[in-house]
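Presented below is the structure to which this report refers.
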Amino acid sequence: MSELAQDSLAIETRSLTKQFGSHKAVNAIDLAVPTGSVFGFLGPNGSGKTTTIRMLLGLISATSGEVRVLGQTMPQNLNSVLPKVGALVEGPAFYGYLSGEANLIRLDSADQFASSKDRIERVRAALERVGLSHAAKKKVHAYSLGMKQRLGIANALLQPRDLLILDEPTNGLDPQGTREVRNLVRSLASTGTTIFVSSHLLAEIEQLCSHVAVMSAGQIVAQGKIEDLRKEGETRIRVSTPDLDAAAAVLVALGLEPITTMDAQLRQEVVAPLHDSKLEGDKIVAALVKAKVRVSGFAVEEPSLEDRFVSLTGEGFDVVQ
Ligand SMILES: Nc1ncnc2c1ncn2[C@@H]1O[C@H](COP(=O)(O)OP(=O)(O)O)[C@@H](O)[C@H]1O
Ligand SMILES: [Mg+2]
């Protein structure tokens with residue numbers, strides 16, 4: 001088996017496309033998911049995330065394009081790749097009248113790659129990793145949604161995995177369940193497993209992921225390290241003042257392009273993008289004060305990922321659950 005290089009890719013697609021009738025649900029995407037990353041696959045509902053994930057796992061065939069998972073072409077190498085990949089694609093079907101442990105035993109038995117000899121140890125270890133040991137004997141119908149989702153992740157973790165693919169793992173969960181799943185993903189990531197996680201929630205991806213690809217209408221509109229994408233956004237300064245014209249004149253004299261606007265409380269303020277200006281906040285404040293502009297508030301706003309994504313996709317993302 002070949003060692004994966006530091007800069008190797010856990011998932012790579014070239015011009016991957018899926019067409020349903022005349023509609024391209026996934027349109028020529030080039031994904032590059034670095035080994036060891038926690039990679040967010042972000043996009044509004046209907047943008048093609050689940051369709052892509054189904055192709056990655058060989059659950060549906062691509063119309064055209066190429067897929068490599070863990071360095072091997074898919075679906076040709078399905079049998080050698082899938083045992084190393086844990087997946088949670090839409091809620092797994094559990095029997096409510098069976099305990100969590102009994103459900104995992106059933107699912108493990110159905111896995112042609114899993115030996116029966118150490119089944120119970122394997123199931124208990126998976127329950128332990130998702131924090132469900134205490135509820136192992138409890139019937140699944142008495143589980144909360146967050147516990148069911150964690151059981152689904154335990155199922156994905158029955159074998160040691162090089163890659164975990166989670167399709168919207170917090171969808172439909174209450175805030176407590178969301179926190180449980182988020183913490184679990186974080187702890188799994190800290191063990192070095194590559195995690196590919198989709199979401200339509202920007203905040204989710206921002207809190208969990210090192211890298212992101214942004215989907216819009218079947219296409220990738222941005223991809224890379226979250227920090228790099230954030231920097232592509234715009235830093236702005238915001239001045240609250242009763243002396244709007246005087247403040248704007250000072251900013252113009254400093255080479256900025258101010259606009260007058262309203263803040264959330266409908267107070268007038270002057271806002272200017274800093275672009276690649278080397279100006280620092282304290283110099284701007286000093287210039288305003290020197291010109292006797294009354295400054296009641298001043299802020300340098302770091303670029304937000306949300307602004308960046310809205311400008312890339314032309315749509316807003318749900319920022320909170
Ligand atoms: N089996 C299918 N047949 C026809 N259209 C489909 C099918 N699956 C998905 N689609 C369409 O493909 C697009 C992308 O869907 P999906 O991949 O589920 O998006 P997401 O997971 O980002 O919400 C949607 O327009 C959806 O209606
Ligand atoms: Mg989906």
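Throughout, residue positions are numbered sequentially from 1 according to the sequence presented. Counting starts at 1 for both ligands and their atoms, in listed order.
The protein non-hydrogen atom at the shortest distance from atom 2 (C) of ligand 1 is Phe20 CE2, 3.3 Å. In terms of protein heavy atoms, atom 19 (O) of ligand 1 is closest to Gly48 N, 3.1 Å. Scanning the protein for heavy atoms near atom 15 (O) of ligand 1, the closest one is Thr51 OG1, 3.8 Å.
For the pair Glu121 and Arg124, the salt-bridge criterion is not met [side-chain N within less than 4.0 Å of a carboxylate O]. Ion pairing between a basic and an acidic side chain is recognised when a charged N comes within 4.0 Å of a carboxylate O; Lys84 and Asp162 show no such pairing. The pair Asp167-Lys49 fails the salt-bridge criterion, with no side-chain N (NZ, NE, NH1 or NH2) lying under 4.0 Å from an Asp/Glu carboxylate O. Ion pairing of Glu12 with Arg14 is present here, as a side-chain N (NZ or NE/NH1/NH2) and a carboxylate O approach within less than 4.0 Å.
The main-chain N or O of Leu184 is found under 3.5 Å from a side-chain atom of Ser187 such that the two form a donor-acceptor pair.
At under 3.5 Å, not a single nitrogen or oxygen of Asn45, backbone or side chain, sits near a nitrogen or oxygen of ligand 1. Ligand 1 has an N or O atom lying under 3.5 Å from an N or O atom of Gly46, backbone or side chain. Residue Ala25 places no N or O, backbone or side chain, under 3.5 Å from any N or O of ligand 1. The distance criterion of under 3.5 Å between nitrogen or oxygen atoms is not met by Thr52 with respect to ligand 1.
In summary, the atoms of ligand 1 found under 4.0 Å from a heavy atom of Ser47, numbered by their order in the structure, are 19 (O), 20 (P), 22 (O). Atoms of ligand 1 found under 4.0 Å from any heavy atom of Thr50 (numbered from 1 in listed order, with element): 17 (O), 18 (O), 20 (P), 21 (O).
For a distance bound of 2.8 Å, the N, O or S atoms of Thr50 include one lying that close to the Mg ion (ligand 2).
Atom 22 (O) of ligand 1 is approached by the protein to below 4.0 angstrom, counting heavy atoms only. There is a protein heavy atom less than 4.0 angstrom from atom 13 (C) of ligand 1.
Counting heavy atoms under 4.0 Å from ligand 1, residue His23 touches it through the side chain alone.
Ligand 1 does not have Arg54 within reach: every non-hydrogen atom of the residue lies 4.0 Å or more from it. Residue Pro44 places a heavy atom under 4.0 Å from ligand 1.
Taking NZ from Lys231 and CG from Leu229, the interatomic distance works out to 10.5 Å, rounded to the nearest 0.5 Å. Distance check, rounded to the nearest 0.5 Å: OG of Ser47 to CE of Met215 gives 5.5 Å.
In plain terms, the two heavy atoms of Thr17 and Met55 that are nearest each other are O-SD, 4.0 Å.
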Let me have the donor-acceptor pairs involving side chains of residues 295-303, under 3.5 Å, with sequence neighbours excluded, atom names and distances please.
{"from": "Ser296", "atom 1": "OG", "to": "Ser240", "atom 2": "O", "distance (Å)": "3.1"}
{"from": "Glu301", "atom 1": "OE2", "to": "Arg238", "atom 2": "NE", "distance (Å)": "2.6"}

Pair Phe41-Val214, side chain to side chain contact (heavy atoms under 4.5 Å, CB included): steps then yes or no: CA-CA 6 Å; Phe41 195 39; Val214 185; over 6 Å; no
